[in-house]
Colleague: 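Have a look at this one.
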Protein chains: 2
Amino acid sequence: MEKGTKRTTIYDLAKLADASPSAVSSVLNGTWEKRRISKKLAARVMKIAEEQGYAVNVQASLLRRERSNIVGMIVPKYDNRYFGEIAEQFEVMARAKGFFPVVTCTQRDPELEFEAAKELISYQAECLISTGATDPDRISAFCSASGVQSINLDLPGKNAPSVISDNYSAAKDLTKLILDRCEEELSWSGPLRFVGGRLADHNTAARLEGFLSEHSDRGIAVPDSYIMATGYSAGKAATALDSLRPDEPTGLFVNSTISLEGVVRWYSQLHSGAELVRYGCFDWDPFGTFLPGNVGMVEQDVTMMLNKAFEVIGKVDAPTEPILVPCRLRAFPINLEI
Amino acid sequence: MEKGTKRTTIYDLAKLADASPSAVSSVLNGTWEKRRISKKLAARVMKIAEEQGYAVNVQASLLRRERSNIVGMIVPKYDNRYFGEIAEQFEVMARAKGFFPVVTCTQRDPELEFEAAKELISYQAECLISTGATDPDRISAFCSASGVQSINLDLPGKNAPSVISDNYSAAKDLTKLILDRCEEELSWSGPLRFVGGRLADHNTAARLEGFLSEHSDRGIAVPDSYIMATGYSAGKAATALDSLRPDEPTGLFVNSTISLEGVVRWYSQLHSGAELVRYGCFDWDPFGTFLPGNVGMVEQDVTMMLNKAFEVIGKVDAPTEPILVPCRLRAFPINLEI
DNA sequence: CAATGATGCACAATCGATGGAGCAAATTGC
DNA sequence: GCAATTTGCTCCATCGATTGTGCATCATTG
């Protein structure tokens with residue numbers, strides 16, 4: 001059982017089983033029947049392998065087979081449910097399809113993203129999914145130079161197939177919900193403020209478009225100062241709102257759960273006027289339902305997005321136009337106690 | 001730039017640079033000065049490698065070097081902040097130490113956990129950290145049979161060094177906080193109910209001990225029916241509480257954020273009596289602060305735990321006694337508006 | 001000018017698993 | 001009883017990178 005320092009190899013097993021390494025190999029990888037190894041020897045090898053705690057050296061095996069089965073995924077953060085769910089479901093689906101999933105988290109750091117991508121390619125990943133990458137095109141360029149397929153998730157890129165949420169429509173729907181609820185509950189008709197995110201990001205831009213489109217459909221002008229896309233962090237959102245002391249109805253379109261943290265922090269420190277505030281959030285968190293003033297959240301359809309992404313894996317004629325996946329809008333019941 | 005189907009190898013580069021594969025190899029892995037390769041050749045090789053989008057075949061490299069630099073981590077779920085933070089920080093710290101982190105999520109499924117562990121060992125992982133594994137001992141047994149170091153995080157095991165939170169003390173502190181706040185705000189002195197988790201789990205057991213100890217210090221008896229450790233899921237917690245309609249003060253010790261979801265769901269559906277409920281939660285979520293009735297949460301010290309775990313990596317004389325890491329208790333301000 | 005040392009590189013074995021080719025022994029057919 | 005077939009294995013080249021060894025070539029010294 002004990003193996004001192006070196007790991008057991010098929011050569012060790014071969015000696016113990018009094019067989020050849022190739023026989024041992026074929027027993028362990030399941031090709032032994034094809035290779036006409038007797039049941040008796042197969043059983044003996046299996047038993048010894050188990051006793052020795054043998055595990056294939058995938059490095060050697062893949063080197064020889066020239067296939068890795070690795071699909072890599074790059075994810076920016078695990079600090080919200082969205083990316084957590086993506087990582088989790090990705091792993092489940094990849095395993096179900098016989099792949100070996102490797103997920104790595106790159107902190108929204110462009111350099112780290114690129115390094116991680118290179119590393120995954122070094123591990124012979126057969127496909128790389130960049131989720132919410134800051135610079136997806138750089139990654140897909142490197143992938144294509146190395147002959148590796150790459151797919152963009154959650155952010156579109158030019159050089160690789162992309163699967164993204166339909167940010168525009170969902171943002172428009174959410175805007176509509178918040179405005180409707182402001183009408184109903186506060187008899188007030190906007191305009192809303194747009195909080196969080198970065199305008200340079202595709203997703204924020206698309207959501208802002210939906211936000212503005214709904215306003216313009218209603219003939220409501222949105223002052224520039226109402227667009228507070230100051231970045232992705234709770235602190236920044238809270239700071240941006242700091243000076244806002246609602247003495248009249250106020251509505252917020254919150255662009256991510258991380259910004260929502262800032263909004264709620266601001267909200268809970270209000271000494272008065274909280275009852276005049278309504279908001280909705282693009283992205284979902286289970287505790288969102290219970291936050292006072294929250295009228296609804298957008299939940300992105302992770303399962304569908306990943307399904308679409310997996311459909312593209314291995315395909316040569318992958319579409320260049322982004323594949324849009326609709327979101328679910330979750331409207332929360334009217335809370336009369338605010 | 002284009003490479004058709006096969007990836008570029010050092011042999012391709014050697015031909016292009018009119019040099020030997022070994023020279024190319026040493027240029028690319030930085031040993032060229034030691035091996036007295038001229039600057040001129042080195043520069044030429046580097047340039048060509050870049051042009052060709054070359055990435056080492058780690059499989060081949062590791063096979064030869066017999067070191068992988070891989071540290072594997074098994075995590076049950078990404079559905080709460082705790083494990084998300086662990087995964088994220090683990091990756092950061094591993095990279096900082098020159099390791100290649102591979103994190104995999106095993107859905108609290110014992111079989112999947114074991115399979116994932118075997119897979120990581122097949123990839124020649126040099127160390128495997130099992131976080132919150134359902135059966136850590138099985139994993140560490142396999143690891144030790146294969147000569148791979150294993151470390152338990154968040155759950156203690158017998159056969160490998162373990163780093164865990166000081167569940168007992170933190171639970172006792174949290175119990176104290178909830179009881180104190182019940183006294184202050186409701187002039188009521190318990191006993192509290194214990195909601196969520198599984199008694200068979202070490203962590204739940206340790207927390208229950210702290211919970212009971214604080215009660216017994218105060219001379220308060222806890223009826224058996226108040227221990228509602230019905231599992232890890234929001235639905236189960238909500239169901240367990242279903243029949244509870246508080247017409248008198250009620251206090252809850254909630255054993256995880258996932259159970260907290262159930263508690264809050266129950267809480268928000270109460271038509272009356274909500275103002276009589278106080279609860280606290282073991283585990284932290286940023287939205288917890290804003291939930292009415294929540295008096296405080298325990299935040300586990302992820303950074304310290306991982307530091308301790310990394311200290312153990314590579315050590316032969318690792319301690320067999322679990323290393324206990326204190327938690328932070330976050331008490332929330334009294335909310336007068338409930 | 002021969003001996004010595006430094007410089008710059010190539011050769012070939014090696015890591016562990018795989019699979020095509022091939023060979024001896026056992027079995028079958030007539 | 002001998003050829004033909006089947007069974008049950010072994011041998012060996014191979015994947016790509018690494019590294020100890022060795023061999024020219026050039027510079028230096030006395």
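So that the names make sense, note that chain A is the first sequence line, chain B the second, and so on, each numbered from 1. Below, all heavy atoms of this structure are taken into account, side chains as well, without hydrogens, waters or symmetry copies.
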Colleague: Can B/Tyr232 and B/Asp201 be counted as having a side-chain donor-acceptor contact under 3.5 angstrom?
Modeller: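 Side chains of B/Tyr232 and B/Asp201: pair found under 3.5 Å.
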Colleague: Tell me yes or no: between the side chains of A/Gln107 and B/Glu88, is some donor less than 3.5 Å from an acceptor?
Modeller: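 Yes - a donor-acceptor pair under 3.5 Å links their side chains.
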Colleague: State whether a side-chain donor-acceptor pair under 3.5 Å links A/Ser130 with A/Glu113.
Modeller: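 Looking only at side-chain atoms, A/Glu113 and A/Ser130 do not form any donor-acceptor pair under 3.5 Å.
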Colleague: How many whole angstroms separate atom CG of A/Asn29 from atom P of C/dA17?
Modeller: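 Checked: the CG to P distance equals 10 Å.
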Colleague: May I ask you to list the residues of residues 121-128 of chain A, by number, that have any heavy atom positioned under 4.0 Å from an atom of DNA chain D?
Modeller: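 Output list: empty, so none.
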Colleague: Could you tell me whether A/Tyr78 and B/Tyr78 have their ring centroids closer than 6.0 angstrom?
Modeller: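 Yes, the ring centres sit under 6.0 Å apart.
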Colleague: Grab the CZ-P distance between A/Arg7 and C/dG16 for me, whole Å please.
Modeller: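 Distance check: A/Arg7 CZ to C/dG16 P gives 11 Å.
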Colleague: Expressed as a whole number of angstroms, how long is the span from A/Glu66:CD to D/dT14:C1'?
Modeller: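 One finds 9 Å between C1' of D/dT14 and CD of A/Glu66, rounded.
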Colleague: Is the phosphate of D/dC15, meaning OP1 or OP2, less than 4.0 Å from a side-chain N or O of B/Asn57?
Modeller: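 Looking at the OP1 and OP2 atoms of D/dC15, neither is under 4.0 Å from any side-chain N or O of B/Asn57.
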Colleague: Determine the sole option in B/Val325, B/Leu306, B/Thr131 for which the side-chain contact (heavy atoms from CB on, under 4.5 Å) test with B/Val163 is passed.
Modeller: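 Per the side-chain contact (heavy atoms from CB on, under 4.5 Å) rule, the option paired with B/Val163 is B/Val325, out of B/Val325, B/Leu306, B/Thr131.
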Colleague: If I take atom CH2 in residue A/Trp32 and atom P in nucleotide C/dG19, what distance separates them, rounded to the nearest angstrom?
Modeller: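 Checked: the CH2 to P distance equals 16 Å.
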Colleague: Measure CD/B/Gln59 against P/D/dT18 and give the value in whole Å, please.
Modeller: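 Taking CD of B/Gln59 and P of D/dT18, I get 13 Å after rounding.
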Colleague: Measure from CG on B/Leu63 to P on D/dT18 and round the result to the nearest Å.
Modeller: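 Checked: the CG to P distance equals 11 Å.
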Colleague: Is atom CE of A/Met93 surrounded by more than 12 heavy atoms (other residues, nucleotides or ligands) closer than 6.0 Å?
Modeller: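 Counting neighbours around CE of A/Met93, more than 12 heavy atoms of other residues, nucleotides or ligands fall under 6.0 Å, so yes.
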Colleague: Parallel, tilted or perpendicular, judged at 30° and 60°: which one describes the rings of A/Tyr123 and B/Phe100?
Modeller: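 A/Tyr123 and B/Phe100: parallel rings.
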Colleague: Answer with base, sugar-phosphate or nothing: what part of the nucleic acid does B/Thr9 contact at a heavy-atom distance below 4.0 Å?
Modeller: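 Sugar-phosphate: the residue B/Thr9, judged by heavy atoms under 4.0 Å, touches backbone atoms but no base.
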Colleague: Can you check nucleotides 7-11 of chain C for protein contacts, nitrogen or oxygen pairs under 3.5 Å, and list what you find?
Modeller:
residue : atom : partner : partner atom : Å
C/dG8   : N7   : B/Arg36 : NE           : 3.2
C/dG8   : N7   : B/Arg36 : NH2          : 3.3
C/dG8   : O6   : B/Arg36 : NH2          : 2.9
C/dC9   : OP1  : B/Ser38 : OG           : 3.3
C/dC9   : OP2  : B/Ser38 : N            : 2.4
C/dC9   : OP2  : B/Ser38 : OG           : 2.7
C/dA10  : OP1  : B/Ser20 : N            : 3.3
C/dA10  : OP2  : B/Ser20 : N            : 2.9
C/dA10  : OP2  : B/Ser20 : OG           : 2.7
C/dA10  : N6   : B/Arg35 : NH2          : 3.3
C/dC11  : N4   : B/Ser22 : OG           : 3.1

Colleague: Tell me which donor-acceptor pairs under 3.5 Å the side chains of residues 310-321 of chain A have, and how far apart each pair is, sequence neighbours excluded?
Modeller:
none

Colleague: Rounding to an integer number of Å, can you tell me how far B/Ile10 CD1 sits from D/dT18 P?
Modeller: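 These atoms are roughly 7 Å apart.
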Colleague: Does B/Arg65 make a side-chain N or O approach to OP1 or OP2 of D/dT18 shorter than 4.0 Å?
Modeller: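 For B/Arg65, the contact criterion (side-chain N or O under 4.0 Å from OP1 or OP2 of D/dT18) is met.
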Colleague: Rounded off to whole Å, could you give me the CZ-to-P distance for the B/Arg64 and C/dA13 pair?
Modeller: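 The answer, rounded to whole Å, is 12 Å.
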Colleague: Relative to the 5' end of DNA chain D, which residue comes earlier, A/Ala42 or B/Ser26, by the nucleotide with the nearest heavy atom?
Modeller: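 It is A/Ala42 whose nearest nucleotide is closer to the 5' end.
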Colleague: Under 3.5 Å, is there a donor-acceptor pair between the B/Arg95 and A/Thr104 side chains?
Modeller: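 A/Thr104 and B/Arg95 do have a side-chain donor-acceptor pair below 3.5 Å.
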